[in-house]
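A short worksheet on the structure shown next.
First listed ligand is number 1; within each ligand, the first listed atom is number 1. Just so you know, these numbers use all the heavy atoms, side chains as well, and skip hydrogens, waters and symmetry mates. Computed from a predicted model, the values in this text were never measured in an experiment.
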Amino acid sequence: MFRATLLTLFPEMFPGPLGFSLAGDALKRELWALEARDLRLHGLGRHRAVDDTPAGGGPGMVMRADVLGHALDAVPDDGRARLLMSPRGRPLVQRQVREWAAGPGLVVLCPRFEGVDERIVEARGLIEVSIGDYVLSGGEVAALAVLDACVRLIPGVMGRIESGTSESFEDGGLEYPQYTKPREWEGRTIPEALLCGDHARIARWRREEGERITRERRPDLVEKSAGGFPRSVNALDESSLTAKDEL
Ligand code: ADE
């Protein structure tokens, strides 16, 4: 079973949004497990300090390697990857998410303040992971994003419909636009191709729209995909369309 252990100063932030919907139902069904540990329990002195002033001076505080070492060492080493959420980390991609989701789980260290003493990263083989080029106030929200992305891929978590539409991202493009009833809303109609009932034409329209949007918004994905245009992350086989899908 996929097990997530979070090391944080704010264990109450978990499961948070992961306690709802797909991930939350799966948690109740014990398809995965989550444990949030309070870093403060390993803090030093009367105030249970976890941080100190930066060597060399400067603003902010740095989380201490000794405190983090104790917290990490208290988690049994069962082969799970150990992550450190950081804007300096390697950018998270779907290929990596799939690999982690198929494994035993993750141990995720969520820093606050100005970051962590660099020595802990090397000494404990932490994998630094970023969820994007912006700075959050701490690692917790980033950890939630990583776990959400992993948990939805655990077998049995998603229903047939959702899992049928998930595809790789790194060799995938962006999703085509979706429409539903009513046929006309505020004078806007649904593209004619989607209403024609010709499944081959619908599939072609979707592929072309997905490609157009990917080219416009993410030319980097087009460049990266060797051998052909990236397939939409939500690409559907023509065979998955049935008459009742028609509007
Ligand atoms: N902590 C702060 N910002 C972050 C980011 N962008 N990704 C991962 N962890 C973070």
Taking 4.0 Å as the limit for heavy-atom contacts, which would you say applies to Pro87 with ligand 1: side chain only, backbone only, both, or neither?
both
Once rounded to the nearest 0.5 Å, what's the spacing between atom CG of Leu34 and atom CG of Leu147?
6.5 Å
Apply side chain to side chain donor-acceptor pair (under 3.5 Å) to the pair Thr5 and Glu35, showing each step before the final yes or no.
CA-CA 5 Å; Thr5 298; Glu35 170 198 27; 3.2 Å; yes
Would Ile131 count as a polar contact of ligand 1, with the cut-off being nitrogen or oxygen pairs under 3.5 Å?
yes
Contact (N/O only, under 3.5 Å) between Gly132 and ligand 1
yes
Decide whether Val116 and Val62 are clustered together by the hydrophobic rule: side chain heavy atoms of Ile, Leu, Val, Met, Phe, Trp, Tyr closer than 4.5 Å, transitively.
no
What protein heavy atom is closest to atom 9 (N) of ligand 1, reported as residue, atom name and distance in Å?
Ser86 N, 3.1 Å
Under 4.0 Å from one or more heavy atoms of Ala142, ligand 1 contributes atoms 8 (C), 9 (N)
Within-cut-off N or O pair, Leu136 and ligand 1, under 3.5 Å:
yes
Can a non-hydrogen atom of Val129 be found less than 4.0 Å from any atom of ligand 1?
yes
Does Arg82 offer a backbone N or O that forms a donor-acceptor pair with the side chain of Arg124 under 3.5 Å?
no
among protein heavy atoms, the one nearest atom 6 (N) of ligand 1 is Tyr134 O, 2.8 Å
Could you grab the distance from atom CG of Asp51 to atom CZ of Arg64, nearest 0.5 Å is fine?
9.0 Å
Salt bridge check: are Glu208 and Arg212 linked by an N-O gap of less than 4.0 Å?
no
If you define the side chain from C-beta out and look only at heavy atoms, does anything of Phe2 sit under 4.5 Å from Val157?
no
Under 4.0 Å, counting heavy atoms only: does Gly89 come that close to any atom of ligand 1?
no
